[in-house]
Amino acid sequence: MNIVPHHHHSCEAASSKIQRFFTEFHVSQILRSCNAYKLRGFAVMAIFLVAFEAAFQRRSFYQRKKDAPESIPFERDTFYRFLNSCAIHWRKFTLLLGTAIIQKAIAPLTSGARRNVLIIDDSLFSRNRSKKVELLARVYDHVSGTYMKGFRMLTLGWSDGNTFLPLSHCLLSSSSKQQQLQGASEDVDPRSNGGKQRKLAQCKAPEVVLTLLQEAREAGAPAQHVLFDSWFCSPASLHQIHELGYDVIARVKKSEKMHFCFQGCMQDVMIIYRSQKKRRGRSAYLLSVEAEAVKDGKRLPVRLVYVRNKNKRSDYLVLVSTDLTLSEEEIIQTYGKRWNIKVFFKMCKSYLKLGKVSCLLCSQKCSEAEFAYIQVIHFALRTPIPA
């Protein structure tokens, strides 16, 4: 039978490619800059490599140690201490690695005229069978319309329209103590990276979005526009993100509470639509007007583009852009790049087992490190490595 030798050779080939990936993008240096280093014992890269290979071999650390104990020189306690370390800044690690991949592997192959964007979205991370997971909360699922136990997987990604890379993330619990089923561990030092991550997980989503965007700007991620859905769109968010140096292209929620200054008075997007003459024929959009987003006396010029809903001809969608130099067709085209993050969520839940309760790495409770690993795995799957 050739099953065992074939499996052995495929594992060696995968390990060789992973090591080339680590060498090409200096993963060891990035880990050290994110406070992932040891003063004694086994090297960090040796432990990280074992954890990384687990996703491709579809076996937990326990299974690999049991089947081939000589392939892993350290014991389980060393492995779990590394995963649960509160000193490592995983959010910074994925951000620096993603930025390095963009600048070294993607930017040289991409035209300078292409509009690079940052995409913000969240997805439900269900943990319905969990009971004692740290900061476990009741989270509303917009798909089923019910509350479930778990987290909101808030992700900041980069895209040029063809390639998508996740840059940063935060597993959001709930800002309300009443919705939290478990509190944060009191043994974690609040001054450590793990303590700061737990504090950020209990903040409101708009505050976390600004934190992720600020970190991406400091890391030098090349992008001009920020894309997000109607759940994050408000005059306050438009002003705050524009002050960071980004232009926003987002979908506006059709609500009486969402007002813009149009023709000298505050009106919601539905009243603006009813009061204006629509374009006829098979136009890409029905209406385009210039308005102002007003917050605390500050006015920000924006363009509202009303697009016909292809799924329902009598309905329409509203897009807002703070970049007035773009045409209506360019605004619609740029916002279409937001779909790439939906494909990323689908890949994580379908192929990386993120939608299941069991942990991808150790078949135990999920940690912040696991989601960081998942993003790095996505990097390795999508990044071309020079021969």
Q. Quick one: does NZ or CZ of Arg138 land under 6.0 Å from the six-membered ring centre of Tyr147, within 45 degrees of the ring axis?
A. yes
Q | Donor-acceptor side-chain pairing of Asn340 and Ser159 below 3.5 angstrom | A | yes
Q.
Does Arg251 qualify as a cation-pi partner of Phe228, given the criterion of NZ or CZ under 6.0 Å from the six-membered ring centre and within 45 degrees of its axis?
A. no
(Q) A side-chain contact here means heavy atoms from C-beta on lying under 4.5 Å apart; do Ile88 and Phe82 qualify? (A) yes
(Q) Under a 3.5 Å cutoff, is there a donor and acceptor pairing between the side chains of Glu218 and Gln214? (A) yes
Q. Within a strict 4.5 Å, meaning less than it, do heavy atoms of the Trp231 and Lys253 side chains meet?
A. yes
(Q) In the structure I gave you, are the side-chain heavy atoms of Leu154 and Leu212 within less than 4.5 Å of one another anywhere? (A) yes
(Q) Quick check against the 3.5 Å criterion: does Gln180 have a side-chain atom that pairs as donor or acceptor with the backbone of Ser174? (A) yes
Q. Going by atom types only, do Tyr285 and Arg308 share a side-chain donor-acceptor pair under 3.5 Å?
A. no
Q. Is the NZ or CZ atom of Lys278 both under 6.0 Å from the centre of the six-membered ring of Tyr273 and within 45° of that ring's axis?
A. yes
Q: Evaluate the side-chain proximity of Tyr335 to Arg338: yes if any heavy-atom separation is below 4.5 Å, no if none is.
A: yes
Q. Using a distance-only test with no angle check, is there a side-chain donor-acceptor pair under 3.5 angstrom linking Ser288 and Glu328?
A. yes
Q | Pairing of Asp121 and Lys342 as salt bridge, 4.0 angstrom limit | A | yes
Q.
If only side-chain N and O atoms count, and only distance matters, is there a donor-acceptor pair under 3.5 Å linking Ser321 with Asp323?
A. no
Q.
Is the shortest side-chain heavy-atom distance between Leu167 and Ile102 below 4.5 Å?
A. yes
Q) Regarding Gln197 and Arg91, is there a side-chain donor-to-acceptor distance under 3.5 Å anywhere? A) yes
(Q) Would you say that Phe93 contacts Val27 through its side chain, given a criterion of any heavy-atom pair below 4.5 Å between the two side chains? (A) yes
(Q) Could you check whether any side-chain heavy atom of Met148 comes within less than 4.5 Å of a side-chain heavy atom of Arg127, counting everything from C-beta outward? (A) no
Q) Checking side-chain contact (heavy atoms from CB on, under 4.5 Å) for the pair Asp247/Val226: CA distance, chi angles, key distance, verdict? A) CA-CA 6 Å; Asp247 281 309; Val226 177; over 6 Å; no
Q) Just wondering, do Lys254 and Ser230 contact through their side chains at under 4.5 Å, heavy atoms? A) no
**Q.** Under-4.0 Å salt bridge between Glu215 and Lys92
**A.** no
